[in-house]
Amino acid sequence: MRTSRVRQIWTALVVATLLITVTQAGAQEKSRLDVVLERGKLIVVTLTTVPPFAFNDDKGQLVGFDIDIARLIAQALFKDPSKVEFVSVTAEGRWPAIESGRADMGVGGTTTYPDRALRVAFTRPFIDSGISVLVSKKSGIKSLADLNQDKFTVANLNNPQMADRAKRFFPKTKVLTFDTPSAQFLAVRSGRANALQIDTPSAEYWAAQNKDEMEVLPGLLGASQNNGIFLKPGDFKWWLWLDTAVTEMRTGSWYPQYTEIYQKWFGRNPPAQKFYLHP
């Protein structure tokens, strides 16, 4: 009888363990897409210092190209572009916010790099970019060759990609490193630095806003680049939905809405949607 009782207890423990395992597996399999839909709003991590991608305007409101893209995604999810909450972080704070599950996805002038893809997953690019140099007109710098002198100072962001580009394109130039693009810009405007390197749309935006003081040097620093939506790796369902949304923005049914947002922030049409050859 004692043996039978032990077997019953042992069986109950095994069943309980299996139930817990199955429950945990089911919880792990639940996609972030389902969580977002059940919650009723989208949570997006972003920067607030990268115009025209994401920044605070004169009224203190968060605006920008990437912000409008996030609202377009909320419109698709909930038929309401206001159903999105933005979590503002520093540049380095982007990855922990996604890894910890604090936010569903991220935007904010974020370039896709293979080393970053070790920490987060990226969709295909929702905008093409590049890196340009913005200079003070007072400096007399007209080319990268002019900039590559030890009498000049360039403002960098605190990331390894900018450090590598500085060594490659203007190794003689002094470097100041900052945590935000806004601090870079202020360094040039105040005269602490003569130039800065930044995403091309940001460089063009600042030049347009400060035509008498600044200009963008011709050419890119290296190859063109991609800005993607980033999210926690391992959730194929959520990634696939977001990647599908980006595809529709760039080449499909959402192209008219995408074009409207692009024209709003860049003053020109986006790259062509696609073309068809007719017999």
**Q** What distance do S88 atom OG and L47 atom CG have between them, rounded to the nearest 0.5 Å?
**A**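 If we round to the nearest 0.5 Å, S88:OG and L47:CG are 8.5 Å apart.
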**Q** T200 versus Y205: any side-chain heavy-atom pair under 4.5 Å?
**A**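 In short, these two side chains do not touch, never coming nearer than 4.5 Å.
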**Q** Sub-3.5 Å donor-acceptor pair from the side chain of D235 to the main-chain atoms of R32, do we have one?
**A**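 A pair under 3.5 Å: yes.
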**Q** Can you see whether T153 engages R192 through a side-chain donor-acceptor pair at a distance of less than 3.5 angstrom?
**A**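 No, no side-chain donor-acceptor pair sits under 3.5 Å.
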**Q** Please find out if less than 6.0 Å separates the ring center of Y262 from that of Y255.
**A**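 No, the ring of Y262 stays outside the 6.0 Å limit from the ring of Y255, centre to centre.
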**Q** Looking only at heavy atoms, which two atoms of D80 and Q75 are closest? And how far apart?
**A**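 What the structure gives for the nearest pair is N-OE1, 3.5 Å.
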**Q** Set out, in order, the CA-CA distance, both residues' side-chain angles and the distance that settles side-chain contact (heavy atoms from CB on, under 4.5 Å) for I67 and F86, then state yes or no.
**A** CA-CA 9 Å; I67 302 306; F86 293 99; 3.6 Å; yes
**Q** Quick one: are T90 and D179 in side-chain contact, heavy atoms under 4.5 Å?
**A**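 T90 vs D179: side chains apart.
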**Q** When hydrophobic residues are tied together by side-chain contacts of less than 4.5 Å, even through go-betweens, does I43 share a cluster with L37?
**A**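 The answer is yes; both residues are in one hydrophobic cluster.
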**Q** Could you give me the CA-CA distance, side-chain angles and deciding distance for E99 and R119, then say whether salt bridge (charged side-chain N to carboxylate O under 4.0 Å, His left out) is met?
**A** CA-CA 8 Å; E99 292 169 327; R119 297 189 67 175; 2.8 Å; yes
**Q** Please report the C-alpha distance between D66 and R71 in whole Å, then the side-chain angles of each, then the deciding distance to 0.1 Å, and finally whether the salt bridge (charged side-chain N to carboxylate O under 4.0 Å, His left out) criterion is met.
**A** CA-CA 9 Å; D66 289 5; R71 295 193 186 282; over 6 Å; no
**Q** In Å, rounded to the nearest 0.5 Å, how long is the span from CZ of F78 to OG of S82?
**A**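 That separation rounds to 10.5 Å.
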**Q** Does any donor atom in the side chain of Q273 or T251 lie under 3.5 Å from an acceptor atom in the other side chain?
**A**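 No donor-acceptor contact under 3.5 Å links the two side chains.
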**Q** When you group the ILVMFWY residues by side-chain heavy-atom contacts below 4.5 Å and let the links chain together, are V89 and V84 in the same group?
**A**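 Yes, because V84 and V89 connect within a single hydrophobic cluster, where side-chain heavy atoms sit under 4.5 Å apart.
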**Q** Determine yes or no for a side-chain-to-main-chain donor-acceptor pair under 3.5 angstrom, with E213 supplying the side chain and S136 the backbone.
**A**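 Such a contact is absent between E213 side chain and S136 backbone.
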**Q** Are L231 and V120 close enough that some pair of their side-chain heavy atoms sits under 4.5 Å apart?
**A**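 With C-beta onward as the side chain, the pair stays apart.
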**Q** Around atom NZ of K138, are there more than 12 heavy atoms of other residues, nucleotides or ligands at under 6.0 Å?
**A**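 Result for NZ/K138: open.
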**Q** Answer whether the closest heavy-atom distance between the side chains of L220 and S132 falls below 4.5 Å.
**A**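 They are in contact (side-chain heavy atoms under 4.5 Å apart), so the answer is yes.
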**Q** Would a distance-only check, ignoring hydrogens and angles, find a side-chain to backbone donor-acceptor pair under 3.5 Å from K137 to K211?
**A**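 A pair under 3.5 Å: yes.
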**Q** Between L157 and F152, is there shared hydrophobic-cluster membership here, with clusters defined by ILVMFWY side-chain heavy atoms closer than 4.5 Å?
**A**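 Result: no, two separate clusters.
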**Q** Do D68 and K264 have side chains that get closer than 4.5 Å, going by heavy atoms?
**A**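 Yes; the side chains approach each other to less than 4.5 Å.
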**Q** Between N210 and M214, is there a donor-acceptor pair closer than 3.5 Å when you use the side chain of the first and the backbone of the second?
**A**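 Looks like no, no N/O pair under 3.5 Å.
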**Q** What is the minimum heavy-atom distance between P125 and V246, and which atoms define it?
**A**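 What the structure gives for the nearest pair is O-CG1, 3.5 Å.
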**Q** Donor-acceptor pair, distance only, cut-off 3.5 Å: does the side chain of W239 make one with the backbone of F122?
**A**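 Checked: pair present.
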**Q** I need the minimum non-hydrogen distance between T46 and A54, along with the two atoms involved.
**A**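 Looks like OG1-CB, 3.4 Å.
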**Q** Quick one: do the Q263 and N269 side chains pair a donor with an acceptor below 3.5 Å?
**A**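 Q263 vs N269: donor-acceptor pair found between side chains.
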**Q** When you measure from the side chain of D34 to the backbone of K30, do you find a donor-acceptor pair of N or O atoms at a distance under 3.5 Å?
**A**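 Answer holds: no.
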**Q** Under the side chain to side chain donor-acceptor pair (under 3.5 Å) criterion, do Q225 and Y113 qualify, and how do the steps go?
**A** CA-CA 9 Å; Q225 298 178 327; Y113 291 120; 3.2 Å; yes
**Q** Can you tell me if D199 uses its side chain to pair, donor with acceptor, with the backbone of P201 under 3.5 Å?
**A**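 No, because the side chain of D199 does not come within donor-acceptor range (under 3.5 Å) of the backbone of P201.
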**Q** Is there side-chain contact between F126 and P270, with at least one heavy-atom pair below 4.5 Å?
**A**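 SC-SC contact between F126 and P270 ruled out.
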**Q** Can you tell me how far the CG atom of L196 sits from the CG atom of L176, to the nearest 0.5 Å?
**A**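 Result: 11.5 Å between the selected atoms.
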**Q** Could you check whether any side-chain N or O of T123 sits under 3.5 Å from a backbone N or O of I229, counting only pairs where one atom can act as donor and the other as acceptor?
**A**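 Indeed, once roles are kept as given, a pair shorter than 3.5 Å links the two residues.
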**Q** Where is the tightest heavy-atom contact between V50 and G108, given as atom of each residue plus distance?
**A**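 Closest pair (atom of V50, atom of G108, distance): CG2-O, 4.2 Å.
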**Q** Please report the interatomic distance CG(L217) to CZ(F169), rounded to the nearest 0.5 Å.
**A**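 Nearest 0.5 Å value for the CG-CZ distance: 12.5 Å.
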**Q** Counting only heavy atoms not in K174 (residues, nucleotides, ligands), do more than 12 fall under 6.0 Å from its NZ?
**A**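 For K174, atom NZ is crowded (more than 12 foreign heavy atoms under 6.0 Å).
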**Q** Start with the C-alpha distance between R116 and R94, add both sets of side-chain angles, then the distance that settles side-chain contact (heavy atoms from CB on, under 4.5 Å), and finish with yes or no.
**A** CA-CA 11 Å; R116 290 177 174 178; R94 289 173 289 186; 3.7 Å; yes
**Q** Are I198 and F266 connected in the hydrophobic side-chain network, where two residues link if heavy atoms are under 4.5 Å apart?
**A**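 Linked, I198 and F266 end up in one cluster.
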**Q** For residues I98 and L240: do they belong to one hydrophobic cluster (side chain heavy atoms under 4.5 Å, members Ile, Leu, Val, Met, Phe, Trp, Tyr)?
**A**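 Yes; tracing contacts between hydrophobic side chains, which count when under 4.5 Å, links both residues.
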**Q** Is there a side-chain contact between V36 and L77 in this structure, where contact means two heavy atoms from C-beta onward sitting under 4.5 Å apart?
**A**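 A side-chain contact exists here, since the closest heavy-atom pair is under 4.5 Å.
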**Q** Say you draw a straight line from OG1 of T110 to CD1 of I127; how long is it, rounded to the nearest 0.5 Å?
**A**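 If I round to the nearest 0.5 Å, the distance is 12.0 Å.
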**Q** With side chains defined as the heavy atoms from C-beta onward, is the minimum distance between V45 and R102 less than 4.5 Å?
**A**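 The answer is no; the side chains never approach within 4.5 Å.
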**Q** Ion pair present between D243 and R124, side-chain N to carboxylate O less than 4.0 angstrom?
**A**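 Answer for the salt bridge query: yes.
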**Q** Kindly indicate, with the supporting measurements, whether the criterion side-chain contact (heavy atoms from CB on, under 4.5 Å) is fulfilled by E215 and V135.
**A** CA-CA 6 Å; E215 61 185 351; V135 300; 3.8 Å; yes
**Q** Would you say the ring centers of F53 and W265 fall short of 6.0 Å from each other?
**A**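 That pair fails the under 6.0 Å test.
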**Q** Parallel, tilted or perpendicular: which one describes the rings of W206 and F185, with boundaries at 30° and 60°?
**A**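 Ring orientation of W206 relative to F185: parallel.
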**Q** Going from CZ on F236 to CG on L33, what distance comes out if it is rounded to the nearest 0.5 angstrom?
**A**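 Taking CZ in F236 and CG in L33, the distance rounds to 12.5 Å.
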**Q** Output, in order, the C-alpha distance, side-chain angles, deciding distance and verdict of side-chain contact (heavy atoms from CB on, under 4.5 Å) for I261 and L72.
**A** CA-CA 9 Å; I261 295 171; L72 180 59; 4.3 Å; yes
**Q** Whether the side chain of Q197 engages the backbone of V133 through a donor-acceptor N/O pair (distance < 3.5 Å, no angle test) should be reported.
**A**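 No.
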**Q** Name the residue from L147, N194, D150, I141 that meets the side chain to side chain contact (heavy atoms under 4.5 Å, CB included) definition with T173.
**A**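 Considering L147, N194, D150, I141, a side chain to side chain contact (heavy atoms under 4.5 Å, CB included) with T173 is found only for L147.
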**Q** Can you see which heavy atom on I73 is nearest to which on M105, and at what distance?
**A**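 Taking every non-hydrogen atom into account, CD1-CE, 4.0 Å.
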**Q** Using a strict cut-off of less than 4.0 Å between a Lys/Arg side-chain nitrogen and an Asp/Glu carboxylate oxygen, indicate whether R39 and E85 qualify as a salt bridge.
**A**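 A salt bridge is absent here (no side-chain N lies under 4.0 Å from a carboxylate O).
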**Q** Please check: side-chain N/O of W238 versus main-chain N/O of D104, any donor-acceptor pairing under 3.5 Å?
**A**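 Side chain of W238 to backbone of D104: a pair is present.
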**Q** Compute whether any side-chain donor of one residue and acceptor of the other, for D115 and Q161, lie under 3.5 angstrom apart.
**A**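 D115 vs Q161: donor-acceptor pair found between side chains.
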**Q** Please report the closest heavy-atom contact between L42 and A74, naming both atoms and the distance.
**A**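 Closest pair (atom of L42, atom of A74, distance): CD2-N, 4.5 Å.
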